[in-house]
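Here is the structure we will look at.
Indexing begins at 1, ligand by ligand and atom by atom, following the structure's order.
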Amino acid sequence: MTATGMVDLHTHTNQSDGLLPPERLVQLAAEAGLRAIAITDHDEVGGVETAVIMGNQLGVEVISGVELSVSHQGYDIHILGYFIDFRHPRLLEFLHFFCEERLRRVHRILEKLEALGCPVPLEIVMRKAGAGSIGRPHIADALVEAGHVPFYQEAFNRFIADGKPAFVPKVRISAEQAVAIIHEAQGLACLAHPGQNLTEPIILDVIKAGVDGIEVIHPKHGHHQRELYRRLAQQFGLLETGGSDFHGGRKSEEKFGNYVIEYAKVEKMKERNEARILAMKTGTATNVTQTACLGK
Ligand code: AMP
Ligand code: ZN
Ligand code: FE
Ligand code: FE
């Protein structure tokens with residue numbers, strides 16, 4: 001393992017909607033020569049421990065992560081958590097709640113699909129999802145298997161993308177709540193891929209909600225966007241993060257190993273997180289985490 005090296009801070013395993021098991025993803029990271037990788041499954045931390053064990057064997061540092069979905073003024077915003085305690089009871093309680101809500105949502109989407117003349121058995125979606133959190137990508141796979149659409153993207157385009165006839169929104173928590181959950185679990189909260197759909201005023205709102213960092217490097221960000229998010233990071237004293245958002249090759253354009261940041265940025269993140277945890281313990285933190293959204 002080198003003292004320098006590159007890091008991918010945004011990956012998904014088959015514990016959420018990625019295709020590869022966590023240990024395989026870590027092997028890919030080792031093959032790509034990465035020094036560290038963060039596992040950031042949607043609403044799920046079930047892949048982290050296996051990845052850590054494999055990382056120890058292969059000399060790849062595995063950072064415990066998660067990706068939460070929040071809603072702000074109708075925008076679907078993703079918040080990444082890093083260095084979280086993946087056994088934290090309150091975090092697990094929240095994730096359990098989100099995953100149950102995801103399952104309820106799948107039922108509702110399937111009802112809509114049936115009404116549209118495209119019945120999909122729940123069993124297929126469950127099989128596609130496997131052990132982890134269930135979501136629209138698994139429904140898209142099931143729509144292909146059931147013969148209603150010829151390929152994955154078409155399922156989104158015709159039925160389940162935002163605003164399409166079988167779309168159902170996810171459970172809504174605020175950016176402040178997501179930041180609070182992540183902070184309570186001893187982690188850093190970072191705004192994911194702002195370039196995917198967010199305007200600058202919305203990004204500023206999320207910054208006000210207390211995120212510690214912003215994702216600068218992401219496949220959806222062009223040069224101009226990277227520069228803009230770097231400037232915002234400097235202006236607001238935020239950490240700069242980045243990664244591939246790799247789903248194991250689910251999306252045809254996906255590349256692994258090409259969207260990385262320097263390990264020095266991870267060191268900065270660790271320093272910031274330790275300082276934040278210390279400030280929380282001594283009661284000097286500005287973001288005290290008391291928000292509860294369970295049951296709302
Ligand atoms: P969910 O968390 O169940 O809402 O699923 C979100 C995931 O679905 C995202 O991470 C993407 O991988 C995928 N997704 C969402 N919208 C689209 C779209 N319009 N086209 C293709 N994939 C999409
Ligand atoms: Zn995903
Ligand atoms: Fe995301
Ligand atoms: Fe992601």
Once the angle between the rings of His78 and His193 is folded into 0 to 90°, is it parallel (under 30°), tilted (30 to 60°) or perpendicular (over 60°)? perpendicular
Step through it carefully: locate the ring centre of His223, locate the ring centre of His221, and say whether they are under 6.0 Å apart. no
Which atom, among the N/O/S set of His78, is closest to the Fe ion (ligand 3)? ND1
Shortest-distance N/O/S atom, Glu67 versus the Fe ion (ligand 3): OE2
Does any donor atom in the side chain of Glu100 or His96 lie under 3.5 Å from an acceptor atom in the other side chain? yes
Looking only at the side chains, is there a donor atom on one of His218 and Gln225 sitting less than 3.5 Å from an acceptor on the other? no
Residue and atom name of the nearest protein heavy atom (relative to [atom]), distance in Å to one decimal:
atom: atom 12 (O) of ligand 1; value: Lys251 NZ, 3.1 Å
atom: atom 5 (O) of ligand 1; value: Pro137 CD, 3.5 Å
atom: atom 6 (C) of ligand 1; value: Arg136 NH2, 3.9 Å
atom: atom 9 (C) of ligand 1; value: Asp17 OD2, 4.3 Å
atom: atom 19 (N) of ligand 1; value: Ala161 CB, 3.7 Å

List the steps and the verdict of side chain to side chain donor-acceptor pair (under 3.5 Å) for Arg24 and Gln27. CA-CA 5 Å; Arg24 181 73 194 117; Gln27 279 173 351; 2.9 Å; yes
Using a strict 4.0 Å cut-off to heavy atoms of His42, name the atoms of ligand 1 that fall inside it. 10 (O)
In ligand 1, the atoms that come under 4.0 Å of a heavy atom of Gly135 are 3 (O)
Close N or O approach ([X], ligand 1; < 3.5 Å):
X: Arg102; value: yes
X: Gln153; value: yes
X: Lys170; value: yes

Do Tyr82 and Asp212 come close enough that some side-chain heavy atom pair is under 4.5 Å? no
Do Val106 and Ile139 have side chains that get closer than 4.5 Å, going by heavy atoms? yes
Where the closest heavy atom to atom 16 (N) of ligand 1 is concerned, which of Phe98, Phe156, Tyr152 has it? Phe156
Taking the N/O/S atoms of Asp245 one by one, which is nearest to the Fe ion (ligand 4)? OD1
For Arg104, does the CZ atom sit with more than 12 other heavy atoms under 6.0 Å from it, leaving out its own atoms? yes
Quick check: does His10 put an N/O/S atom under 2.8 Å from the Fe ion (ligand 4)? yes
Backbone or side chain, does His12 get an N/O/S atom under 2.8 Å to the Fe ion (ligand 4)? yes
Backbone N or O of Gly187 within a donor-acceptor pair of the Arg276 side chain at under 3.5 Å? yes
Treat each ILVMFWY residue as a node, draw an edge where side-chain heavy atoms are under 4.5 Å apart, and state whether Leu103 and Phe98 are in one component. no
For the pair Arg250 and Asp17, find out whether any cationic side-chain nitrogen is under 4.0 Å from an anionic carboxylate oxygen. no
Close approach, Arg105 and ligand 1, non-hydrogen under 4.0 angstrom: yes
